[in-house]
Amino acid sequence: MLLLTYAKKNNYTAADALNDALVNAGVSYIFANTGTDYPPIIESWAKYDVLGLPKPEIIICPHEMVALSAAQGYAQVTGQAQAVFVHVDVGTQNLGGSVHNVYRCRVPAFILAGVSPFTLEGELKGTRNAPIQFLQNVHDQASIVREYTKWYYEVRTGKNIQQLVYRGLQIAHSDPQGPVYLMAAREVLEEEGRDIEAEMTKWGPIAPIGLAEEALNDLCEALLAAENPVIITSYLGRNPDSVAQLVSLCERLAVPVIEVGAGYMNFPADHPLHLGHEPADFLQEADFILIIDSNLPWIPAQNKPNPKAKIYYLDIDPLKEATPLWYIPADKFFKANSYAALLQINKRLQQAKVAEERIAKRFKRLQAAHEQLWAEIKAKEQPKEVLTPEFIVGTLRDVVGDETIILNETTSYAPIVERHFARNKPGTWFMSGGSALGWFGGAAIGVKLACPEKRVVAFCGDGTYIFSVPSATYWVAHKYKTPFLTVIFNNQGWGAAQMAVKQEHPDGYAVKNDKFWTSISPAADLGAIAQAAGNALALTVSEPAQLKPALLAGLQAIDEGRSAVLNLLLPPASRQKI
């Protein structure tokens with residue numbers, strides 16, 4: 001307390017107040033890529049170190065994509081926003097697709113960017129003193145990320161910077177969660193600051209919203225009356241406590257669960273009521289479809305539900321208001337926090353009379369379907385002459401164990417990975433939630449910081465690996481001791497783009513002549529980048545017999561504190577030479 005009092009009496013700046021606000025709000029890390037707009041902040045950090053005052057740990061990130069992806073990974077595991085500090089307009093631009101991912105994933109993040117100094121003749125401390133500060137002066141810097149943030153603002157006085165930090169974090173943590181973006185010029189950060197000594201209980205997020213009584217009655221009656229109900233979900237497991245509530249509901253009424261584009265572990269894959277990831281198998285038979293926490297339960301152009309089925313949509317954002325063209329016709333839309341709603345539903349169902357014999361018969365039928373599903377899955381995992389994604393995933397599943405945290409960014413192989421890589425424990429499976437590739441690398445660092453005792457394994461494609469800025473990713477992982485295993489499904493091309501052409505023009509010239517312009521062959525030695533940048537173990541695997549020993553070597557490396565990259569060479573997606 002004496003040191004803090006001393007600091008406040010000796011040039012307590014807005015930068016100091018910013019730091020204190022982040023500490024007070026529980027921010028543990030600042031993922032930073034600084035520039036000429038950061039002297040006040042860097043001086044504050046140095047002062048706090050000398051005086052022994054608390055500040056978040058600074059994680060230097062040589063690329064902004066890695067920085068925000070790390071903050072996203074940390075928030076996906078913990079639910080807590082971390083800070084990302086970037087350099088004016090160009091650093092904001094370098095966030096790239098990561099800000100899309102954080103926004104679409106609905107996780108909180110606090111982004112701070114400098115702005116070009118607003119004085120140029122020495123009028124104020126922090127005035128312009130470098131040529132680039134003229135080039136970086138733009139009309140509307142926030143417009144770069146406006147489509148992907150819940151809130152944005154510019155600090156205009158050092159006197160209220162703490163209120164802005166608390167407001168930003170309050171908005172970021174309120175459902176639907178997302179990133180916020182705050183800007184500050186050097187002149188403002190050099191101003192005298194003010195510590196408002198806030199109680200964080202006064203700045204909490206909006207409390208979870210449950211179901212209104214009428215909606216609860218309606219939904220429970222529909223569940224009890226249904227002959228063939230089905231639940232579809234994608235990200236219910238972002239709150240791990242929701243998983244047990246969903247299991248309780250499904251066991252009470254023998255309702256099967258389909259995970260579509262599973263961004264989290266939503267329902268134990270070994271449970272008899274888990275029936276895979278393909279909604280098409282159930283849409284025509286179901287007479288009641290309950291969608292809980294899903295952006296897209298099915299693609300309307302490809303699948304249609306039974307026209308007589310009742311469809312209820314329960315989500316914190318059931319209308320997907322940030323997506324201009326979106327609709328899934330449903331009988332009822334419920335705006336509610338899934339955990340709060342499931343608590344209500346289960347309490348009501350425990351008191352309800354149920355048709356025990358009908359439910360028992362349904363459970364037996366669904367259990368048989370579950371067993372058949374897994375027999376078919378395992379039959380596809382048998383080794384062949386070349387590596388196949390099914391064989392790879394089956395081997396991975398048997399080696400890594402239930403406690404390992406898996407990050408999946410395999411894009412074109414994602415459906416196979418989801419189907420074959422069963423997860424049974426909440427909080428052990430994550431996807432980016434968006435479509436900007438390169439999330440896995442930074443996210444693995446963030447996850448490892450949040451869970452240092454856990455193994456972290458990331459799956460990606462070869463194109464995704466390059467998008468992750470591996471030179472920066474593995475440098476950060478090495479410097480801050482956050483080792484993880486990367487498994488590259490390397491088909492030497494952009495498989496997703498090629499698949500899209502095949503779907504739209506199945507008999508076209510591109511398919512007939514292998515003209516896709518998606519090949520990134522000859523294959524680069526991708527693991528060597530991680531080896532050079534972060535002392536990672538780099539192994540290339542081209543034959544099935546090599547896979548398990550390489551996996552065991554990779555896991556041993558991360559257990560010993562060293563990242564590892566396994567470059568798995570699958571048959572090329574395209575053999576086009578040009």
Side-chain angles (χ1 to χ4, degrees), residues 208-237 239 241-260 262 266-268 271-294 297-298 303-318 328-370:
I209 305 168
L211 292 165
E213 188 70 15
E214 182 180 348
L216 177 62
N217 292 337
D218 188 353
L219 203 157
C220 289
E221 287 174 6
L223 278 167
L224 289 164
E227 291 290 337
N228 290 302
V230 64
I231 292 175
I232 298 175
T233 186
S234 302
Y235 49 84
L236 171 142
N239 181 349
D241 294 335
S242 297
V243 177
Q245 292 299 320
L246 181 60
V247 170
S248 178
L249 185 161
C250 293
E251 288 181 345
R252 176 72 170 150
L253 299 181
V255 181
V257 171
I258 310 297
E259 292 187 276
V260 177
N266 303 297
F267 196 85
H271 196 286
L273 294 173
H274 189 293
L275 289 186
H277 300 79
E278 298 295 335
D281 297 339
F282 296 87
L283 289 179
Q284 285 302 310
E285 295 179 6
D287 60 349
F288 178 66
I289 302 169
L290 175 58
I291 303 159
I292 309 178
D293 287 352
S294 179
W298 58 81
N303 296 307
K304 300 287 185 185
N306 180 347
K308 296 182 179 179
K310 276 188 175 181
I311 301 173
Y312 285 8
Y313 214 118
L314 192 158
D315 195 296
I316 198 63
D317 179 23
I328 294 290
D331 296 274
K332 297 285 178 68
F333 291 91
F334 304 111
K335 186 180 181 71
N337 174 282
S338 58
Y339 178 69
L342 285 167
L343 283 175
Q344 293 176 287
I345 293 167
N346 282 326
K347 185 176 180 180
R348 181 64 57 84
L349 291 178
Q350 291 303 321
Q351 303 165 355
K353 290 184 178 180
V354 298
E356 300 286 358
E357 185 177 347
R358 184 185 68 179
I359 288 171
K361 287 181 179 179
R362 188 160 70 207
F363 184 92
K364 189 174 181 180
R365 172 171 55 84
L366 294 170
Q367 184 176 30
H370 171 86

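All residue numbers refer to positions in the sequence shown, counting from 1.
No side-chain heavy atom of Arg365 sits less than 4.5 Å from a side-chain heavy atom of Lys361. Between Ile258 and Trp298 the shortest side-chain heavy-atom distance does not fall below 4.5 Å. Leu219 is listed as a side-chain neighbour of Leu314, based on a closest heavy-atom distance under 4.5 Å. Side-chain contact between Ile316 and Ser338: absent, with no pair of heavy atoms (C-beta onward) separated by less than 4.5 Å. Two residues are said to be in side-chain contact when any heavy atoms from C-beta on lie closer than 4.5 Å; Leu224 and Leu349 meet this criterion. Here the side chains of Leu342 and Ile292 are in contact, with some heavy-atom distance below 4.5 Å. Using a 4.5 Å heavy-atom threshold, the side chains of Thr233 and Phe267 count as separate. The shortest distance between side-chain heavy atoms of Pro268 and Val243 falls below 4.5 Å.
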Exercise. Can you list the steps and then say if Arg348 with Glu221 is a salt bridge (Lys or Arg N to Asp or Glu O under 4.0 Å)?
Worked result: CA-CA 10 Å; Arg348 181 64 57 84; Glu221 287 174 6; over 6 Å; no

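When every heavy atom of Ala340 is checked against every heavy atom of Gly210, the shortest pair comes out as CB-CA, 4.0 Å. Shown here for Pro279 and Ile232, the closest heavy-atom pair between the two residues is CB-CD1, 4.2 Å. The minimum heavy-atom distance between Asn337 and Tyr339, with the atom names listed, is OD1-N, 3.0 Å. Shortest non-hydrogen contact noted between Leu236 and Asn266 is N-OD1, 2.9 Å. Contact between Ala309 and Ile289 at its shortest, heavy atoms only, is CB-CD1, 4.5 Å. Ile311 and Pro305 make their closest contact through CD1-CG, 3.7 Å (heavy atoms, listed as atom of the first residue, atom of the second, distance).
Judged purely by distance below 3.5 Å, without hydrogens or angles, the side chains of Tyr235 and Asp315 pair a donor atom with an acceptor atom. Of the N and O atoms on the side chains of Glu285 and Asn228, not one donor lies less than 3.5 Å from an acceptor on the other residue.
For the side chain to side chain donor-acceptor pair (under 3.5 Å) test, residues two or more places apart in sequence or in another chain that qualify with Ser234 are Ser294.
Asn346 contributes a side-chain N or O that, together with a main-chain N or O of Gln245, makes up a donor-acceptor pair within less than 3.5 Å. Gln344 places a side-chain N or O within donor-acceptor distance of the main-chain N or O of Leu211, the cut-off being under 3.5 Å. His370 places a side-chain N or O within 3.5 Å of a backbone atom of His274 that can act as its donor or acceptor partner.
The number of heavy-atom neighbours closer than 6.0 Å to CD of Gln351, taken from other residues, nucleotides and ligands shown, is above 12. Shown here is Gln350, whose CD atom has more than 12 heavy atoms of other residues, nucleotides or ligands within 6.0 Å.
Between Tyr313 and Phe333, the two ring planes are parallel [angle under 30°; tilted spans 30° to 60°].
Expressed to the nearest 0.5 Å, how far SG of Cys220 lies from CG of Leu249 amounts to 8.0 Å. For the atom pair CD1 (Ile359) and CG (Leu253), the distance works out to 5.0 Å, reported to the nearest 0.5 Å. Atom NZ of Lys347 sits about 10.0 Å away from atom CG of Leu216, to the nearest 0.5 Å. Expressed to the nearest 0.5 Å, how far CD of Gln284 lies from NZ of Lys308 amounts to 11.5 Å. The distance from atom CG of Asp218 to atom CG of Asp331, rounded to the nearest 0.5 Å, is 9.0 Å.
Here salt bridge (Lys or Arg N to Asp or Glu O under 4.0 Å) pairs that include residues 250-259, with residues two or more places apart or in two chains, number zero.
With respect to Arg362 and Glu227, no salt bridge is recorded, no charged nitrogen being found less than 4.0 Å from a carboxylate O.
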